Amino acid sequence: PAPAAVQPPRQFKLDPQSELRVEVLPDATLRVRLVSGTAEIFGTELPPEGWLTIPPRSKIAIFTWHGATVELDGVSESEYTSDETPMVIYVNTHAILDARRARARAAQGGDLEASQGPRVIVVGPTDSGKSTLCKMLLSWAAKLGWKPTYVDLDIGQGSITIPGCISATPIEKPIDIVDGIPLEMPLAYFYGHPNPSINPDVYKALMRELAQTLETQFSGNAESRAAGMVINTMGWVEGLGYELLLNAIDIFKANVVLVLGQEKLWKMLKDAVQSKPNIDVVKLHKSEGVVLRNSKYRQKTRSFRIKEYFYGIANDLAPHSNVVNFSDVSVFRIGSGHQAPRSALPIGAEPVADPTRLVAVNISTDMVHTVLAVSYAKEPDEIISSNVAGFIHVTDVDIQRKKLTYIAPCPGDLPSRLLIASSLTWYEQA
Ligand code: ADP
């Protein structure tokens, strides 16, 4: 694209309950400042003073409840104001969830069911604003002092850690406008692909592991139990995608299903959970501000998320390069596509492939540019039930010398020698 023209600083006067929608370019900085009044970006208030640098490629809305003047400085791809937003409905939803949290807290010490706060799952097609609604609900709750758990099941466009993971993290304060979800302690399980159809059984198995770990944490922590969860899901809502949504509702014992922007999906889910007690299926409007992203764009975002993990959002981290001998690590893949040949089976036996079987993988040059997860497992057979410590990116494989070179966000030895292979790639020049 042609270099963007210089734009002088400009101010926008926003009426109550309106928003300024801004798209940031990939390679130009844009700063935002609150001049007067109050405003928030996806549930997090703008500081009363000073400029905020919005990360490249962000698409944001600066919303005000009571009116505000805001100033932009730098070049943007687009900027316009709108007074048609679903924010009142969203904040009313938040208020209902908040009342449920308070009720759960009041029931502490009593029965487990009553002391469980809302478990909200947000569903809808791609680009319906699911992640954004999750952020708002979490930030509004955190502002009131709750510490809800954010669960991200979106392996394609997840916002907690790198793609290919399902993960969870407590949200203890409104989500930082610039830095996003805090990355200190996510509980992450590695699936290794951006699409669940490659091995849905593994995806389900990992959901069960994550849910079980959270269940254990909640049973020892009344505060996070009462605060509940906000669960983000994939935008795939048909066929297998729909089936996995139903699975997620079950596995995480969701009791509030928020359906964004699709009447049909709302109706289907409502009918599907009818027989189960205490699940509310609520239909919500999607915001017209949600920016549509095509699959190429999404693929690019995945790449950037991987890059960010190693280099930081503002390119401010320096990853560490390291070399290991092939014999120092063991790489596995979860799930095999291959079945045992019939000839190897006893006569009459049907071949059964265990979709969650662990397969040892030989290190080869095919691994260059891929991401490997470092498992917390002590033994290979614990890999599927273990969360991961972090990720490395393979930069070179020397078959002759039997050495693998990688970058990692931290220096020093790997926390474990058990690694999980993936189909996620990232190229330095991207
Ligand atoms: P989904 O999770 O359903 O795929 P997202 O919540 O990620 O959708 O929204 C898609 C994009 O639109 C994101 O970049 C998000 O920041 C942006 N977006 C969401 N709501 C608004 C809004 N009101 N104004 C401008 N951009 C928005």
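First listed ligand is number 1; within each ligand, the first listed atom is number 1. Being a predicted model, the structure only gives us computed values, none of them experimental.
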Applying ring-ring contact (aromatic ring centres under 6.0 Å, His included) as the test, list every pair that has at least one member in residues 130-154; sequence neighbours left out.
H94-W140
Classify the side-chain pair Y189/T213 by whether it contains a donor and acceptor separated by less than 3.5 Å.
yes
Side-chain donor-acceptor pair present, S115, R225, cut-off under 3.5 Å:
yes
List the residues meeting salt bridge (charged side-chain N to carboxylate O under 4.0 Å, His left out) with E113, not counting sequence neighbours, and say none if there are none.
none
Side chain to side chain donor-acceptor pair (under 3.5 Å) with R103: which residues, sequence neighbours excluded?
none
Report all protein residues having a heavy-atom distance below 4.0 Å to some atom of ligand 1; order the list by chain, then number.
E19, R21, F42, K59, I60, A61, P125, D127, S128, G129, K130, S131, T132, S287, G289, V290, V291, R293
One thing to verify: whether R33 and E49 come together as a salt bridge, which I'm taking to mean a side-chain N less than 4.0 angstrom from a carboxylate O.
no
